[in-house]
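Everything quoted here is computed from the prediction, not taken from an experiment. Count residues from 1 along the sequence.
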Amino acid sequence: ITIHRGDDTYVGGEETAVLESIEGRVAWPRPKPPRPSSVGLFGRPTLVQNIDTLARVPEAIRSGAAHSAQPSMAVTLWGDVRNPGAYEIRGGRTLRSVIDLEAGGPTSDIALVFPNGAQAMPFPPDQLDIPLDPATFASAGSPLGTASILVLNSAASHLSILDSVARFFEREACGQCPPCVLGTTNLRELVTGARPSTNRLVPQAAIKETAWFMSIHGYCSHARQGAAAVTGLFALWQDEVVERLKATGVGIGTEARDPFAPNSHERQALEAFLLRL
């Protein structure tokens with residue numbers, strides 16, 4: 001086994017970006033096809049697995065059927081919890097129990113839980129008693145994905161979250177393909193609202209058009225995920241956005257702390273935890 005330190009970017013974890021990084025190039029996703037299973041590392045067929053999959057291999061070999069019935073899984077708990085960090089748990093536990101027992105519970109009353117970081121729609125408090133199972137989460141309307149579970153209390157307003165998510169996808173675009181770079185920037189500008197000099201409301205048709213364009217372009221899923229996340233939250237909180245613009249004539253701005261910022265206390269806590277491993 002050879003350990004290779006990759007690029008510390010969001011898109012750098014995409015499977016073909018990982019291969020580019022190992023080969024000594026910038027961690028940019030490759031256009032597909034071909035898939036890595038056909039042309040991968042140094043041009044050879046390659047299977048790319050994430051750490052969660054690889055971490056399950058020893059237990060799967062030892063336990064067999066027992067592991068298949070109730071596999072372990074890695075989760076990341078961050079945001080407004082007492083003990084943010086990365087944890088290994090048994091599948092089947094409820095989202096609420098994982099937050100309470102692993103992360104020490106929320107710092108105050110839970111308002112929203114994003115089960116898969118900025119990519120997935122949030123769950124309200126009355127939906128936290130569902131088991132951590134990909135199929136169950138998908139049927140509930142929000143994929144579990146890599147289980148990067150963000151807990152937010154009522155101090156973070158919906159408008160601030162929407163603004164933060166739009167800025168996150170703009171900031172983390174790798175810069176390789178124009179549809180993603182231009183799309184995430186345009187979407188952020190549209191979502192953050194009216195310019196004071198024009199006093200115009202959020203152009204809803206333009207948001208949908210930008211999201212549609214992003215959903216069918218790009219070398220990786222960043223553009224598609226950004227379009228789905230931003231438009232999903234905008235649809236959920238559209239009335240609040242419109243009322244805000246009617247009342248003030250200005251955009252969303254940054255009303256509260258940015259839970260996705262690189263220097264946030266959540267990220268610092270996780271990095272400190274990982275350094276101890």
- prompt: Is a side-chain donor or acceptor of Ser21 paired with a backbone partner of Ala17 at a separation under 3.5 angstrom?
  reply: no

For residues 209-218, please give each side-chain donor-acceptor pair under 3.5 Å, one per line with the distance, not counting sequence neighbours.
| residue | atom | partner | partner atom | Å |
| --- | --- | --- | --- | --- |
| Thr210 | OG1 | Asn186 | ND2 | 2.9 |
| Thr210 | OG1 | Ala206 | O | 2.9 |
| Ser215 | OG | Trp212 | O | 2.6 |
| His217 | ND1 | Phe213 | O | 2.7 |

query: What is the minimum heavy-atom distance between Leu236 and Pro122, and which atoms define it?
result: CD2-CG, 4.4 Å

task: Please lay out, stage by stage, how Glu172 and Thr184 fare under the test side-chain contact (heavy atoms from CB on, under 4.5 Å).
output: CA-CA 9 Å; Glu172 293 298 331; Thr184 54; over 6 Å; no

message: I need the minimum non-hydrogen distance between Tyr219 and Pro29, along with the two atoms involved.
response: CD1-O, 3.7 Å

- request: Report yes or no: do Val48 and Trp28 belong to one cluster of Ile/Leu/Val/Met/Phe/Trp/Tyr joined by side chain heavy-atom distances under 4.5 Å?
  value: no

statement: In short, Ser148 meets Trp78 closest at the heavy-atom pair OG-NE1, 3.2 Å

For residues 37-44, which side-chain N or O atoms pair as donor and acceptor with protein atoms under 3.5 Å away, sequence neighbours left out?
none

message: Tell me if the CG atom of Leu54 is crowded by more than 12 foreign heavy atoms within 6.0 Å.
response: yes

field: SB check Glu14 Lys32 (cutoff 4.0 Å)
entry: yes

- prompt: Should Val11 and Val181 be regarded as members of a common hydrophobic cluster, given that ILVMFWY residues are connected when their side-chain heavy atoms come within less than 4.5 Å of each other, either directly or indirectly?
  reply: no

message: Just so I know, are the side chains of Phe234 and Leu162 near enough to count as touching, which here means a heavy-atom distance under 4.5 Å?
response: yes

query: For the residue pair Leu19 and Pro36, what are the closest heavy atoms and their distance?
result: CD1-CB, 4.0 Å

task: Any chance you could measure Ile161, atom CD1, to Asp163, atom CG, to the nearest 0.5 Å?
output: 10.5 Å

- prompt: Linking I/L/V/M/F/W/Y whenever any side-chain heavy atoms sit under 4.5 Å apart, do Tyr87 and Val113 land together?
  reply: yes

- prompt: Nearest 0.5 Å, what's the NE2-CG distance between His158 and Asp239?
  reply: 12.5 Å

statement: For Arg25, the salt bridge (Lys or Arg N to Asp or Glu O under 4.0 Å) test, sequence neighbours excluded, returns Glu20, Glu23

- prompt: Pro143: what forms a side-chain contact (heavy atoms from CB on, under 4.5 Å) with it, not counting sequence neighbours?
  reply: Ala120

field: same_hphob_cluster(Met121, Phe169) at 4.5 Å side-chain heavy-atom cutoff
entry: yes

field: Ile89 vs Met73 side-chain heavy atoms within contact, under 4.5 Å
entry: yes

message: So does Ser160 get a backbone contact from the side chain of Ser164, meaning a donor-acceptor N/O pair under 3.5 Å?
response: no

- request: Examine distances only and state if a side-chain atom of Ser97 and a backbone atom of Thr94 form a donor-acceptor pair shorter than 3.5 Å.
  value: yes

message: List the residues meeting side chain to side chain donor-acceptor pair (under 3.5 Å) with Asp129, not counting sequence neighbours, and say none if there are none.
response: Arg96

- request: For the pair Asn153 and Asp109, evaluate side-chain contact (heavy atoms from CB on, under 4.5 Å) and give the outcome as yes or no after the intermediate values.
  value: CA-CA 6 Å; Asn153 61 32; Asp109 291 342; 6.0 Å; no

message: One pair to check against side-chain contact (heavy atoms from CB on, under 4.5 Å): Ile149 and Leu132. What are the steps and the verdict?
response: CA-CA 11 Å; Ile149 301 168; Leu132 269 74; 4.2 Å; yes

field: Spatial distance of atom CG (Leu112) from atom CG (Leu128) [nearest 0.5 Å]
entry: 9.5 Å

For Asp7 against Ala27, the heavy-atom pair lying closest together: CB-CB, 3.5 Å

query: Hey, does the side chain of Ser139 reach the backbone of Thr136 with a donor-acceptor pair shorter than 3.5 angstrom?
result: yes

- prompt: Would you say Val98 and Leu101 are hydrophobically clustered, going by side-chain heavy atoms of ILVMFWY under 4.5 Å?
  reply: no

Side chain proximity check, Ser142 to Asn116, heavy atoms < 4.5 angstrom: no

With Tyr10 via ring pair (Phe, Tyr, Trp, His ring centres under 6.0 Å) - residues at least two apart: Phe168, His222

statement: dist Leu95:CG -> Ile130:CD1 (nearest 0.5 Å) comes out at 6.5 Å

- prompt: What are the two closest non-hydrogen atoms of Phe123 and Ala140, and how far apart are they?
  reply: CE2-O, 3.8 Å

query: What is the distance from atom OG of Ser154 to atom CD1 of Ile110, rounded to the nearest 0.5 Å?
result: 11.0 Å

query: Do any N or O atoms from the side chain of Ser221 and from the backbone of Arg224 form a donor-acceptor pair under 3.5 angstrom?
result: no

field: Sub-4.5 Å side-chain heavy-atom contact between Ile99 and Pro106
entry: yes

message: Assess, by modelled atom type and distance only, whether the side chains of Thr53 and Asn50 contain a donor and an acceptor separated by less than 3.5 Å.
response: yes

